[in-house]
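For reference, the structure discussed in these notes is given below.
Each chain gets a letter, A, B and so on, in the order its sequence line appears, and its residues count up from 1. Only a predicted model underlies this, so the values are computations on that prediction, with no experimental measurement involved. Computed from heavy atoms alone, side chains included, the values below leave out hydrogens, waters and symmetry copies.
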2 protein chains.
Amino acid sequence: MTNPTARPGGRTARIRAQVLDAVRAELAEHGYDSLTVDTVAARAGVHRTTVYRRWGDVGGLLADVYDAAGDDDWEPPDTGSLHGDLAALNEEIQAAMVMRPPIMEALIAASFRSEAAADAQRRLWEDRYVRCEVIVERAIGRAEIPPGTGARRLLVTATAPVYHHLVLLRAPLDPALPADAARTAVLAAVAGAFTEGS
Amino acid sequence: MTNPTARPGGRTARIRAQVLDAVRAELAEHGYDSLTVDTVAARAGVHRTTVYRRWGDVGGLLADVYDAAGDDDWEPPDTGSLHGDLAALNEEIQAAMVMRPPIMEALIAASFRSEAAADAQRRLWEDRYVRCEVIVERAIGRAEIPPGTGARRLLVTATAPVYHHLVLLRAPLDPALPADAARTAVLAAVAGAFTEGS
DNA sequence: ATGCTAGTGCAACATCCGTCGCATTAATAG
DNA sequence: CTATTAATGCGACGGATGTTGCACTAGCAT
C-alpha cells in the first residue's frame, strides 16, 4: 500500500519534465542571468504559481535539474597513471565550467542565493570525490604513491587550483593548469604529503 | 589648477562615510542577506536615489567598503620557515572567512551578482598574491626550496584548498586544514613542482 | 461510474528594485 | 557676496518578484 497522499501520476511528472526542459533550454539560450521563475514558467507553458509552489526559487529549479540528470553513469578517467587520471579529471572540470549550457557555473552562482542549490552542489561534489577515490587506489596498487595516502586530500589538492582559478579568481582559461595542478599533487603524494603518520 | 568639475568637498565625503558605515553596521547586525540598497540608504539617512547613482548596486557598496578599508598596511606573515608562513597565511584566510562582520564572505557572494564586486575581489586577491611573493623569495634565500620556484603557483597550491573547503564545499571548519595544505605545498615545492624547466 | 483531493490555473495583491525628471541644496570659483 | 553647477532630495513610474484565496482539473481509490 503506497502512501495515499502521494500522487506521482502522469500530470505531475509531465509538468516536471516540461519545467526542467524549459530550465535547460533557457540556460542554453540566454544563460543564467535571464533564468527567472517567470521565464521558465512561460516557456514551459505552466503557471508561475505552480513553479513557485513546487520549486520555490531558481535555486530549487537548478537543484532539481541536477537531481533529474542523475549522472550515475559518470566514471573517473582511467589513463593508466595517476598524473594522467588527475590531469584528465581537471580537464573535465575545466570543460564543465566553460560548457554550454553552463549548468555547473549556474549551479555555483545559485548556491550563493539558494539553500536548495547549495545542497545540490554539496551532494554533487561529495559524490564526485567518493567516486574518484578509485583513482588513488589504483595508483597505490601500481606503487606510484605510498600506501595509506589519503584520497580526499590528494584529490582536493589536485582539483582545488582549477576551481580557484576559474570560479574565485575568474581568470582567463589557462590550458596548462589542469596538467600542472595534477603534477603538483602527484609530487606531493610521492613525497608522502597525504599519508597519515606525518 | 584642479579639475573644475571635481567637487570632493565636505558633503560628498560625509555622505560616503555615512553610507559605508551603514553598510558595515548592517553587515554586522543582519549579515549579507538583508544588505539591500534601501536598507543601507535608510540607515545612513540618505535617499535611495543617491546610493543608486553613486554606487549602482550592493556589489558597488561592498567594493567601496573594501577600497575604503585600503588595508595597505597588511603584510604576509614572517615566521622564519616556508611552512610556518604558509600555515599562518592559511589561518588568516580561514579567520577572514569566519570573521564578523563577514565582509569577505559577503564580497565573494556579491561577486556573483555584481561586476563591481567581482573587480574588487580580483584586485584584492591579485594584490595579496603579489605581496605574498616575498614569502617564496625568503624561502629560496634560506635554500628551503629550489631557485626559480614560481611564487604564484606555489601560493595558489597552498591556499586554494582552504578556499575550496570553505567557499565551494561549504564544509565545516577544519582546524587542521591550513597547516596540512601548507605542508603539502612545501613538499611539492621541495620536489621541484614549481620550477620552470619541468 | 463516482467521489475525493492533490495539484494546477487564475487573478489580484503586496513588495521590492531600479530609473527618471525635476526641484533643492551646498561646495567652489570669481 | 554672488553665480555656477555638482550632488542630493523627492516623488512617481514601470517592471520584476513572491504570495494568497479561490476555482477547477485530473489522478487515484472505491
Do the side-chain N or O atoms of R54(B) get closer than 4.0 angstrom to the phosphate oxygens (OP1, OP2) of dT8(D)?
-> yes
Within the pair T49(A) and dT8(C), is there a side-chain N or O less than 4.0 Å away from OP1 or OP2?
-> no
From the candidates dG11(D), dC10(C), dA27(C), the one with an atom nearest any side-chain atom of H47(A) is dC10(C)
Shortest non-hydrogen contact from P146(A) toward G192(A) | CG-CA, 4.4 Å
Residue closer to the 5' end of DNA chain D, D38(A) versus V46(B) (nearest nucleotide) = V46(B)
When you get a sec, tell me which of dC17(C), dG9(C), dT8(D) is the closest nucleotide to the side chain of T50(A)?
-> dG9(C)
With sequence neighbours excluded, tell me which residues meet ring pair (Phe, Tyr, Trp, His ring centres under 6.0 Å) with F194(A).
-> none
Please round to 10 degrees the angle between the axis of the first five pairs and the axis of the last five pairs in the helix from dA1(C)-dT30(D) to dG30(C)-dC1(D).
-> 30°
Please determine, for the side chain of V37(B), which listed nucleotide (dT17(D), dG18(C), dG9(C)) has the closest atom?
-> dG18(C)
Please name the pair of heavy atoms, one in L62(A) and one in A106(A), separated by the smallest distance, quoted to 0.1 Å.
-> CD1-O, 3.7 Å
The nucleotide from dT8(C), dG27(D), dG18(D) with an atom nearest the side chain of R53(A) is dT8(C)
Among dC17(C), dT8(C), dT8(D), the nucleotide that comes nearest once only the side chain of Y52(B) is considered = dC17(C)
Short side-chain N/O contact to dT8(C) OP1/OP2 from R48(A), under 4.0 Å = no
Nearest-0.5 Å distance, NE2 of residue H47(A) to CG of residue D38(A) = 9.5 Å
Quick one: NE2 on H30(A) to OG1 on T39(A), what's the gap to the nearest 0.5 Å?
-> 8.5 Å
Are R128(A) and W74(A) in a cation-pi contact, defined as NZ or CZ under 6.0 Å from the six-membered ring centre and within 45° of the axis?
-> yes
